[in-house]
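Taking it in order: structure first as structure tokens, then the write-up.
Just so we're on the same page: letters track the sequence lines, and every chain starts at 1. All values derive from a computational prediction rather than experimental measurement.
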Number of protein chains: 2
Amino acid sequence: MNIGEASAASGVSAKMIRYYEQIELIPSATRTEAGYRVYGDRDVETLRFIRRARDLGFSVEEMGTLLALWRDKERESSEVKQIALGHIAEIERRIRELEGMARTLRHLASHCHGDHRPDCPILDDLAANTPDPAQARTHKMPQRRKSGVQ
Amino acid sequence: MNIGEASAASGVSAKMIRYYEQIELIPSATRTEAGYRVYGDRDVETLRFIRRARDLGFSVEEMGTLLALWRDKERESSEVKQIALGHIAEIERRIRELEGMARTLRHLASHCHGDHRPDCPILDDLAANTPDPAQARTHKMPQRRKSGVQ
DNA sequence: CTTGACCTTGCCATGATGGGAAGCTCTATC
DNA sequence: GATAGAGCTTCCCATCATGGCAAGGTCAAG
């Protein structure tokens with residue numbers, strides 16, 4: 001099976017299959033004399049596993065761990081469960097973050113006329129709100145020495 | 001005001017301020033003779049606007065539009081509302097996507113012993129599930145000519 | 001004058017993915 | 001057997017927003 005066929009059979013693009021090989025998420029495929037990658041049913045199974053895990057939002061790193069556990073017949077299911085639970089917690093954190101944004105935006109939008117008049121509480125709010133450093137997102141503001149807003 | 005002070009006053013890192021200038025989201029700051037960027041209160045206001053919009057999940061492109069509308073006194077609030085509503089819809093779409101993942105994972109995890117036994121429905125499911133091309137995420141699988149899984 | 005915090009530019013990295021070019025291979029059709 | 005064109009190969013570049021590091025100039029306090 002060529003890479004294109006393996007791609008169609010697994011739902012993972014050929015580009016990504018090569019990428020996964022390069023980062024050693026999957027072993028290097030054997031090659032034909034001409035240098036074409038060759039895949040078997042086992043490889044397609046692995047690629048489907050990856051495709052499914054990715055659709056569940058697992059990162060490539062997490063997929064690597066899951067694959068290793070999958071291949072290890074003696075693995076303990078608690079390890080897998082831990083990864084799944086951790087991932088669920090992360091997803092729920094992102095959901096809460098997005099819901100906070102949506103809540104604020106819905107509130108602002110509901111107070112905006114949405115007509116030809118220029119008054120718009122959305123812009124006013126964006127402009128007026130003093131930033132609260134404590135609720136910064138990915139922010140790591142460096143501390144200054146002379147510290148003081150001039 | 002130097003860039004570090006403007007950063008502290010606005011909550012936007014110096015690095016990002018330079019980046020926003022480079023991509024022309026904000027106008028180029030005036031410079032001292034030595035080449036230092038100089039900021040005034042108006043600039044800090046703009047940066048705060050950006051910081052707040054970013055915390056609400058707006059992309060840089062959307063921020064550019066919002067900034068233009070903010071500066072345009074004659075703008076119609078309907079434009080702003082449209083952007084906000086579109087953004088809300090996008091956030092809600094992402095939330096639904098994440099909730100689908102969380103639901104599936106919770107279901108799988110609840111059926112996993114989570115102990116020393118190797119049996120794990122999570123891995124079994126990842127391995128066995130045939131991919132449904134219709135529910136692909138960002139997938140644009142290219143169509144093959146001979147189309148057929150060997 | 002020295003120290004060191006601050007500024008400058010520039011390059012590199014992230015994560016997962018796509019796009020495209022240049023060049024080789026395979027296969028179906030004439 | 002020759003030709004066309006789909007498919008494969010590698011390599012490089014782009015995304016998006018952000019951080020890190022390095023080399024070098026500047027400024028202010030001691």
Side-chain angles (χ1 to χ4, degrees), chain A residues 1-26 28-39 47 50-51 53-64 90 94 136-150, chain B residues 1-26 28-39 47 50-51 53-64 90 94 97 136-148 150:
Chain A
M1 207 183 315
N2 281 341
I3 197 170
E5 292 162 331
S7 167
S10 65
V12 179
S13 73
K15 204 95 187 191
M16 290 314 297
I17 295 177
R18 294 194 197 98
Y19 171 70
Y20 292 148
E21 177 179 316
Q22 189 202 320
I23 63 173
E24 294 183 288
L25 177 63
I26 55 178
S28 295
T30 54
R31 305 284 188 123
T32 64
E33 283 192 17
Y36 281 25
R37 286 175 181 80
V38 180
Y39 298 91
L47 289 172
I50 289 172
R51 156 80 199 275
R54 200 203 48 188
D55 282 353
L56 286 173
F58 286 99
S59 69
V60 166
E61 195 182 351
E62 286 171 319
M63 289 196 287
E90 169 63 18
R94 292 209 299 247
R137 270 195 317 182
T138 38
H139 263 322
K140 278 168 292 183
M141 278 291 107
Q143 296 310 307
R144 321 192 76 242
R145 52 170 175 177
K146 272 188 293 181
S147 77
V149 178
Q150 269 96 12
Chain B
M1 207 184 316
N2 281 341
I3 198 171
E5 292 160 332
S7 166
S10 66
V12 180
S13 74
K15 200 96 189 191
M16 289 315 296
I17 295 177
R18 294 194 198 98
Y19 172 69
Y20 292 147
E21 177 179 315
Q22 190 202 317
I23 63 173
E24 295 183 287
L25 177 64
I26 55 178
S28 296
T30 53
R31 305 283 188 122
T32 65
E33 282 192 18
Y36 282 26
R37 286 176 182 79
V38 181
Y39 298 91
L47 289 171
I50 288 172
R51 157 78 199 277
R54 199 202 47 188
D55 282 353
L56 286 172
F58 287 100
S59 69
V60 167
E61 194 182 350
E62 288 170 318
M63 289 195 286
E90 169 62 19
R94 292 208 298 248
E97 187 177 289
R137 271 195 317 182
T138 39
H139 263 321
K140 279 167 294 185
M141 276 292 108
Q143 297 309 307
R144 320 191 77 245
R145 56 178 170 169
K146 272 189 295 184
S147 80
Q150 268 97 15

Worksheet item: In degrees, rounded to 10°, what is the bend between the two ends of the helix from C:dC1-D:dG30 to C:dC30-D:dG1, using five pairs at each?
Response: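 Roughly 20°, once rounded to the nearest ten degrees.
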
Worksheet entry | Position toward the 5' end of DNA chain D (nearest nucleotide), B:M63 or A:R18 |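 With B:M63 and A:R18 compared, the 5'-side residue is A:R18.
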
Contacts under 3.5 Å, N or O only, protein and nucleotides 10-15 of chain C:
{"from": "C:dG10", "atom 1": "O6", "to": "B:K15", "atom 2": "NZ", "distance (Å)": "3.1"}

Discussion item. Within the structure provided, determine whether B:L25 and B:Y19 are in side-chain contact (heavy-atom separation under 4.5 Å).
Written reply: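 No. Closest side-chain heavy atoms not under 4.5 Å.
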
Worksheet item: For the side chain of B:I3, counting heavy atoms from C-beta on, which of C:dC7, D:dC8, C:dA16 is nearest?
Response: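 Among C:dC7, D:dC8, C:dA16, the one nearest the side chain of B:I3 is C:dC7.
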
Discussion item. Under the rule for ring pair (Phe, Tyr, Trp, His ring centres under 6.0 Å), what residues qualify as partners of B:F58, not counting sequence neighbours?
Written reply: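 For B:F58 the ring pair (Phe, Tyr, Trp, His ring centres under 6.0 Å) partners, ignoring immediate neighbours, are B:H87.
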
Inter-residue atom distance [X].[atom1] - [Y].[atom2], 0.5 Å rounding:
{"X": "B:M16", "Y": "B:I23", "atom1": "CE", "atom2": "CD1", "value": "7.0 Å"}
{"X": "A:L47", "Y": "A:R54", "atom1": "CG", "atom2": "CZ", "value": "10.5 Å"}
{"X": "B:Y20", "Y": "B:S13", "atom1": "OH", "atom2": "OG", "value": "7.5 Å"}

Practice prompt. Tell me, please, which residues at least two apart from A:R94 pass salt bridge (charged side-chain N to carboxylate O under 4.0 Å, His left out).
Written response: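 Residues passing salt bridge (charged side-chain N to carboxylate O under 4.0 Å, His left out) with A:R94: A:E90.
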
[X]: side chain to side chain contact (heavy atoms under 4.5 Å, CB included) partners, not counting sequence neighbours:
{"X": "A:V38", "answer": "A:T30, A:T32"}
{"X": "A:S28", "answer": "A:E21"}
{"X": "A:S59", "answer": "A:E61, A:E62"}

Worksheet item: Is the phosphate of D:dA17, meaning OP1 or OP2, less than 4.0 Å from a side-chain N or O of B:Y20?
Response: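 For D:dA17, OP1/OP2 do not have a side-chain N/O of B:Y20 under 4.0 Å.
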
Item to complete: Answer yes or no: does a side-chain N or O of A:R54 lie under 4.0 Å from OP1 or OP2 of C:dA16?
Response: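 It does not, given that no N or O in the side chain of A:R54 lies less than 4.0 Å from OP1 or OP2 of C:dA16.
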
Fill in: Minimum-distance pair of heavy atoms, taken over all atoms of A:A6 and A:S10
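Here A:A6 and A:S10 meet closest at O-OG, 2.8 Å.
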
Discussion item. Can you pull out the residues from residues 31-39 of chain A that lie within a 4.0 Å heavy-atom distance of DNA chain D?
Written reply: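 Within residues 31-39 of chain A, the residues near DNA chain D are A:R31, A:G35, A:Y36, A:R37.
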
Once you round it to whole Å, what is the distance between [atom2] of [N] and [atom1] of [X]?
{"X": "B:E61", "N": "D:dA17", "atom1": "CD", "atom2": "P", "answer": "9 Å"}
{"X": "B:I17", "N": "D:dA17", "atom1": "CD1", "atom2": "C1'", "answer": "15 Å"}
{"X": "B:M16", "N": "D:dC16", "atom1": "CE", "atom2": "P", "answer": "12 Å"}
{"X": "A:Q22", "N": "D:dT10", "atom1": "CD", "atom2": "C1'", "answer": "11 Å"}

Worksheet item: So A:Y36 and A:I3, side chain to side chain contact (heavy atoms under 4.5 Å, CB included) or not? Walk me through it.
Response: CA-CA 8 Å; A:Y36 281 25; A:I3 197 170; over 6 Å; no

